[in-house]
*Asks:* 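Next up is a structure, given as structure tokens.
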Amino acid sequence: MNVDYTHSSTGTGYTSVVFCLYDIPSISFSDLISTPFDITNSHYTITMLAIDTSPKAMIGSVGSFKSCHPVLVRSPSTTSTPMSTASLQPSILSAEHLVAKRVFFRKEPGKGRHRFSTEDELAKTLDEANCLYWGAALMGMAYTFVDQMLKTGKVRKDVEKLVPRLRLVRAALVIPVDIDNSDSRANYLIEERISGTFVKYINNNSAVPARILDSKEAEIGLFLCFVQHIQYRLSDEMVYLSDFQGSGDLLTDCQVITGSDFVNNFGDGNCTAAFKNFRSEHQCNQFCCAFGLQALE
């Protein structure tokens with residue numbers, strides 16, 4: 001299939017490219033180990049996306065590892081393989097507004113952004129996709145625990161009413177069909193676009209809420225610290241999520257945190273030092289107490 005390089009009428013920075021799109025499914029944590037995110041034999045769709053990579057169109061401030069760009073769906077999607085159970089979930093293409101995120105690196109802190117080689121970029125983008133894949137499962141595990149406890153009627157009502165309903169953005173990995181053309185080799189993560197004021201609730205290397213949060217944001221920050229506690233306990237002290245950020249009920253760019261045995265599994269943001277210190281740095285809060293979690297000592 002040939003790539004269409006026509007520019008969109010919505011802006012001079014848009015370029016339309018045909019991609020293979022792999023939706024990142026949401027599965028249970030119990031199924032996660034036996035079902036890794038793998039594009040080798042996965043269901044995908046063929047779709048044309050227009051992405052505006054011009055600097056002026058970039059969305060928000062540049063993150064530590066990725067830049068964020070507007071994206072439009074330019075053609076209907078064509079299913080390439082039989083539908084699996086996971087692929088029956090809503091596709092990212094059904095979202096009303098999308099963004100495209102592309103990984104980069106800096107040769108020195110604070111200096112200019114550089115792009116990876118095509119092969120390295122795909123590997124780094126797969127790391128980011130894997131964090132979202134694990135992130136959805138870990139958040140699902142936490143909310144399963146929360147809902148089970150709420151059904152018992154043992155959670156204090158004043159705490160129950162504070163429980164937010166959060167989820168990770170739906171996302172997909174997209175790989176260009178024509179990787180031989182130098183103008184269309186970029187790999188991206190496609191995500192639901194988050195509207196509203198963007199909030200960082202917990203930093204990547206921290207087990208406590210960020211310092212500058214208003215009362216409602218601080219409440220969510222405490223709940224997410226509680227979520228970390230659940231994930232740490234229910235995974236047999238193997239893994240939890242950090243770097244929580246987003247707006248409204250949506251979270252994005254979470255980071256999977258593990259011990260040093262898995263340092264290479266979840267990208268450069270896997271801060272194993274934070275994992276090592278989690279037991280001593282986590283501060284149990286009203287959610288931990290109300291839901292019966294034992295203190296980490």
Side-chain angles (χ1 to χ4, degrees), residues 4 6-27 37 42-63 66-80 83-103 125 128-129 131-133 135-137 139-140 143 164-177 186-201 216-217 220 224 243-254:
D4 182 354
T6 59
H7 289 268
S8 132
S9 61
T10 56
T12 57
Y14 278 94
T15 301
S16 297
V17 177
V18 177
F19 290 96
C20 296
L21 182 146
Y22 300 84
D23 277 295
I24 301 172
S26 178
I27 66 173
F37 181 69
S42 297
H43 161 83
Y44 66 89
T45 56
I46 302 294
T47 191
M48 182 184 292
L49 302 175
I51 301 173
D52 189 344
T53 58
S54 61
K56 290 183 178 180
M58 197 174 296
I59 298 170
S61 57
V62 177
K66 300 188 291 292
S67 55
C68 186
H69 311 274
V71 58
L72 302 170
V73 179
R74 281 298 188 220
S75 71
S77 303
T78 302
T79 302
S80 62
M83 300 289 279
S84 65
T85 301
S87 65
L88 295 177
Q89 299 173 8
S91 170
I92 183 62
L93 296 175
S94 66
E96 187 174 358
H97 300 291
L98 302 172
V99 295
K101 294 183 177 180
R102 189 180 181 191
V103 296
T125 309
E128 297 290 329
C131 279
L132 288 167
Y133 183 59
M139 288 299 292
Y143 271 108
R165 290 290 162 175
L166 309 171
R167 68 171 177 86
L168 288 176
V169 291
R170 283 182 287 153
L173 169 69
V174 295
I175 302 173
V177 170
N187 304 281
Y188 295 93
L189 284 178
I190 303 298
E191 298 181 4
E192 293 176 86
R193 182 166 182 168
I194 294 179
S195 58
T197 302
F198 203 80
V199 180
K200 172 84 82 164
Y201 297 106
K216 181 61 177 177
E217 294 164 356
I220 294 175
L224 290 171
D243 210 19
F244 285 112
Q245 54 200 294
S247 182
D249 63 350
L250 292 179
L251 300 170
T252 186
D253 291 338
C254 64

*Asks:* Calculate, to the nearest 0.5 Å, the distance between atoms CG and CD1 belonging to Leu21 and Ile46 respectively.
*Replies:* 9.0 Å

*Asks:* Ser247: what forms a side chain to side chain donor-acceptor pair (under 3.5 Å) with it, not counting sequence neighbours?
*Replies:* none

*Asks:* Just to verify, what does Glu217 make a side chain to side chain donor-acceptor pair (under 3.5 Å) with, not counting sequence neighbours?
*Replies:* none

*Asks:* With side chain to side chain contact (heavy atoms under 4.5 Å, CB included) as the test, would you mind laying out the steps for Thr53 and Thr15 before giving the verdict?
*Replies:* CA-CA 8 Å; Thr53 58; Thr15 301; 5.7 Å; no

*Asks:* Closest heavy-atom contact between Ala100 and Val71?
*Replies:* N-CG1, 3.9 Å

*Asks:* Can you name the residues that form a side-chain contact (heavy atoms from CB on, under 4.5 Å) with Ala171, not counting sequence neighbours?
*Replies:* Ile24, Leu132, Glu191

*Asks:* Rounded to the nearest 0.5 Å, what separates atom CG in Asn187 from atom CZ in Phe19?
*Replies:* 8.0 Å

*Asks:* Provide the closest heavy-atom pair for Pro176 versus Ala186 in the form atom of the first, atom of the second, distance.
*Replies:* CD-O, 3.2 Å

*Asks:* What distance separates Leu166 CG from Tyr201 OH, expressed to the nearest 0.5 Å?
*Replies:* 7.0 Å

*Asks:* For Ile51 and Val17: C-alpha separation, side-chain torsions, deciding distance, then whether side chain to side chain contact (heavy atoms under 4.5 Å, CB included) applies.
*Replies:* CA-CA 8 Å; Ile51 301 173; Val17 177; over 6 Å; no

*Asks:* Checking side-chain contact (heavy atoms from CB on, under 4.5 Å) against Cys254, which of Leu168, Leu224, Val169 comes through?
*Replies:* Leu168

*Asks:* CZ/Arg102 to CD/Glu128 distance, rounded to the nearest 0.5 angstrom?
*Replies:* 14.0 Å

*Asks:* To the nearest 0.5 Å, how far apart are CE in Met58 and NE2 in His69?
*Replies:* 5.0 Å

*Asks:* Between CG of Asp23 and OG1 of Thr45, what distance do you get to the nearest 0.5 Å?
*Replies:* 6.5 Å

*Asks:* Are the side chains of Leu72 and Arg74 in touch, meaning some heavy atoms are under 4.5 Å apart?
*Replies:* yes

*Asks:* With a 4.5 Å cut-off on side-chain heavy atoms, are Leu250 and Arg167 touching?
*Replies:* yes

*Asks:* Does Phe198 have any ring-ring contact (aromatic ring centres under 6.0 Å, His included) partners at least two apart in sequence or in another chain, and if so, which?
*Replies:* none

*Asks:* With sequence neighbours left out, write down each residue that passes salt bridge (charged side-chain N to carboxylate O under 4.0 Å, His left out) with Arg193, or none if nothing qualifies.
*Replies:* none

*Asks:* Return the set of residues passing side chain to side chain donor-acceptor pair (under 3.5 Å) with Asp253 (not counting sequence neighbours), or none when no residue passes.
*Replies:* Lys66, Lys101

*Asks:* Could you work out, with ring-ring contact (aromatic ring centres under 6.0 Å, His included) as the rule, every residue matching Tyr133, not counting sequence neighbours?
*Replies:* Phe37

*Asks:* Residues in side-chain contact (heavy atoms from CB on, under 4.5 Å) with Ser195, at least two apart?
*Replies:* none

*Asks:* Less than 4.5 Å apart, side chain to side chain, heavy atoms only: is that true for Asp249 and Pro164?
*Replies:* no

*Asks:* Could you work out, with ring-ring contact (aromatic ring centres under 6.0 Å, His included) as the rule, every residue matching Tyr22, not counting sequence neighbours?
*Replies:* Tyr44

*Asks:* Got Thr125 and Val174 here, is their nearest side-chain heavy-atom distance under 4.5 Å?
*Replies:* no

*Asks:* Please determine whether side-chain hydrogen bond (donor to acceptor under 3.5 Å, both in side chains) holds for the pair Ser94 and Arg170, giving the CA-CA distance in whole Å, both sets of side-chain angles, and the decisive distance to 0.1 Å.
*Replies:* CA-CA 10 Å; Ser94 66; Arg170 283 182 287 153; 2.8 Å; yes

